[in-house]
2 protein chains.
Amino acid sequence: MEASEIYKCIADPQRLRILNLLDGGSLCVCHLQTIIDIPQVKASKQLAIMKQIGLLEAHRQGTWMVYSLAQPVHGLLRVNLDYLLQADCSECNQLQRDLVARKQLIQQITQDSPDCPTAVCAPQPCC
Amino acid sequence: MEASEIYKCIADPQRLRILNLLDGGSLCVCHLQTIIDIPQVKASKQLAIMKQIGLLEAHRQGTWMVYSLAQPVHGLLRVNLDYLLQADCSECNQLQRDLVARKQLIQQITQDSPDCPTAVCAPQPCC
DNA sequence: CTATAATATACCTATTTTAGTATATACTGT
DNA sequence: ACAGTATATACTAAAATAGGTATATTATAG
């Protein structure tokens, strides 16, 4: 994986937000859509781009596609996510807010259906 | 300066090479041209882009324009240059080779005209 | 004032990226 | 087999980026 490919990914704020969110754990497309507030097509395309270059992995769970960061996380991505989360800039703050939103969304999901706790994207009741 | 602006800069291999070279100290356009082997227009444009967003500074010295990294170097850029120099990938190796080429070029310049040692772009004999 | 060197800008074209709409696919429940 | 949900892909128009040629600018040397 070329460094410039990774940079092109994180140069797009939406893609960066997705990567940051997935760094906290797998999420399905609909959750990403919800948190970032983008149309379905856009989310799907961005995910496809990053999966293509090997930054993301996906597996199907029922009708959901669950995306996650390809492991081990590429060092270059690691370094940048870590940096941005401790820095102070508008985009960085957004990343932090996203993690909060992520936590809230998951709490809400697990409350609504206590039977799908760890796997955010367990079948059915979650979305 | 937005993070995404910086990423867009370093997502371009040529711009990344320029930033890496300048991290070693100021250089004038012609030296960058020589080391990276790009046409004058291209060099000038790339430099203009990065100066525009505040990543680079420039001052004139005779007919030369001497470019340098804006100080203090932005943390995000710092982190990435440091990472890439110690990593092992095709683009990273290129950055290392560039630093060698830089050193050689400067040696050659200072040999040809021992009167312009520290300032790589001292007037006249250097280019 | 003229010629020349180094660099910047204008302008045009080709290419790539983005964004949106519509449609297709994959799976689930009935 | 049918309807519905989640996601992906095709297609198209618009916007941004890159690359090249020609020309302009700035400064120096004679």
Side-chain angles (χ1 to χ4, degrees), chain A residues 2 4-5 7-18 22 26-53 56-68 105 109 113 116 119-127, chain B residues 2 4-5 7-18 22 26-53 56-68 105 109 113 116 119-127:
Chain A
E2 294 291 326
S4 57
E5 287 179 322
Y7 286 135
K8 267 176 205 158
C9 277
I10 58 183
D12 179 296
Q14 278 181 0
R15 286 193 290 260
L16 177 60
R17 291 177 69 187
I18 291 175
L22 292 180
S26 308
L27 286 174
C28 69
V29 183
C30 61
H31 292 142
L32 289 167
Q33 261 179 255
T34 306
I35 298 178
I36 304 187
D37 188 33
I38 44 175
Q40 182 264 320
V41 201
K42 196 70 199 299
S44 191
K45 277 185 193 170
Q46 299 286 38
L47 290 164
I49 291 171
M50 296 191 281
K51 187 182 167 203
Q52 163 89 44
I53 71 167
L56 298 187
E57 283 168 353
H59 70 269
R60 180 173 283 281
Q61 199 160 352
T63 52
W64 291 268
M65 287 297 293
V66 180
Y67 281 86
S68 43
L105 180 63
I109 291 169
S113 52
C116 66
V120 180
C121 282
Q124 284 308 59
C126 287
C127 275
Chain B
E2 294 291 328
S4 57
E5 288 179 321
Y7 286 133
K8 267 177 205 158
C9 277
I10 59 184
D12 179 296
Q14 279 181 359
R15 287 195 289 262
L16 177 60
R17 290 177 69 186
I18 292 176
L22 293 180
S26 309
L27 286 174
C28 69
V29 182
C30 60
H31 292 143
L32 289 167
Q33 261 178 255
T34 306
I35 299 176
I36 304 187
D37 189 34
I38 42 174
Q40 182 266 319
V41 202
K42 195 73 200 298
S44 192
K45 276 183 190 169
Q46 299 285 37
L47 290 164
I49 290 171
M50 295 191 280
K51 189 183 163 202
Q52 164 91 43
I53 71 167
L56 298 186
E57 282 168 354
H59 70 270
R60 182 173 280 280
Q61 200 161 349
T63 52
W64 290 270
M65 287 298 292
V66 181
Y67 281 85
S68 43
L105 180 63
I109 291 169
S113 52
C116 67
V120 181
C121 282
Q124 286 308 57
C126 287
C127 278

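The model shown is predicted, which means the values in this text are computed figures rather than measured ones. Residue numbers start from 1 in every chain, and the chains themselves are labelled A, B, ... in the order their sequence lines are given, proteins ahead of strands.
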For [X] and [N], what is the distance between atoms [atom1] and [atom2] respectively, to the nearest whole Å?
X: Leu47(A); N: dT9(D); atom1: CG; atom2: P; value: 11 Å
X: Glu5(A); N: dT17(C); atom1: CD; atom2: C1'; value: 15 Å
X: Ile49(A); N: dT17(C); atom1: CD1; atom2: P; value: 9 Å
X: Met65(B); N: dT25(D); atom1: CE; atom2: P; value: 16 Å
X: Asp12(A); N: dA16(D); atom1: CG; atom2: P; value: 14 Å
X: Gln61(A); N: dT28(C); atom1: CD; atom2: P; value: 10 Å
X: Gln46(B); N: dA18(D); atom1: CD; atom2: P; value: 7 Å
X: Trp64(B); N: dT25(D); atom1: CH2; atom2: C1'; value: 17 Å

Note every stem involving DNA chain D: at least three consecutive Watson-Crick or G-U wobble pairs, i with j then i+1 with j-1, with both distances under 3.5 Å.
C:1-30 with D:1-30

Going by heavy atoms closer than 4.0 Å, what residues in residues 36-45 of chain B are next to DNA chain D?
Val41(B), Lys42(B), Lys45(B)

Please round to the nearest 0.5 Å and tell me the distance separating atom [atom1] of [X] and atom [atom2] of [Y].
X: Leu105(A); Y: Ile35(A); atom1: CG; atom2: CD1; result: 5.0 Å
X: His59(B); Y: Ser26(B); atom1: NE2; atom2: OG; result: 6.5 Å
X: Lys51(B); Y: Gln46(B); atom1: NZ; atom2: CD; result: 15.5 Å
X: Gln14(B); Y: Ser4(A); atom1: CD; atom2: OG; result: 12.0 Å

Can you work out whether Arg60(B) or Lys8(A) has the more 5'-proximal nearest nucleotide on DNA chain C?
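Mapping each residue to its closest nucleotide by heavy atoms, the 5'-most match is Arg60(B).
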
Any side-chain heavy atom of Leu32(B) within less than 4.5 Å of one from Leu47(B)?
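Yes, their side chains come closer than 4.5 Å.
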
Check whether any side-chain heavy atom of Ile109(B) lies under 4.5 Å from a side-chain heavy atom of His31(B), and answer yes or no.
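Yes, their side chains come closer than 4.5 Å.
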
So, for Val29(B) and Tyr67(B), which heavy atoms are closest and what is the spacing to 0.1 Å?
CG2-CE1, 3.5 Å

Could you walk me through whether Lys8(A) and Ile53(A) pass the side-chain contact (heavy atoms from CB on, under 4.5 Å) test, one step at a time?
CA-CA 11 Å; Lys8(A) 267 176 205 158; Ile53(A) 71 167; over 6 Å; no

Met50(B) and side-chain contact (heavy atoms from CB on, under 4.5 Å): which partner among Ile18(B), Asp12(B), Ile10(B)?
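Exactly one option meets the side-chain contact (heavy atoms from CB on, under 4.5 Å) with Met50(B), and it is Ile18(B).
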
Using a cut-off of strictly less than 4.0 Å, decide whether Tyr67(A) has a side-chain nitrogen or oxygen near OP1 or OP2 of dA6(D).
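So the side chain of Tyr67(A) is outside the cut-off, no N or O lying under 4.0 Å from OP1 or OP2 of dA6(D).
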
Of the nucleotides dA6(D), dA27(D), dT7(D), which has the atom closest to the Thr63(A) side chain?
dA6(D)

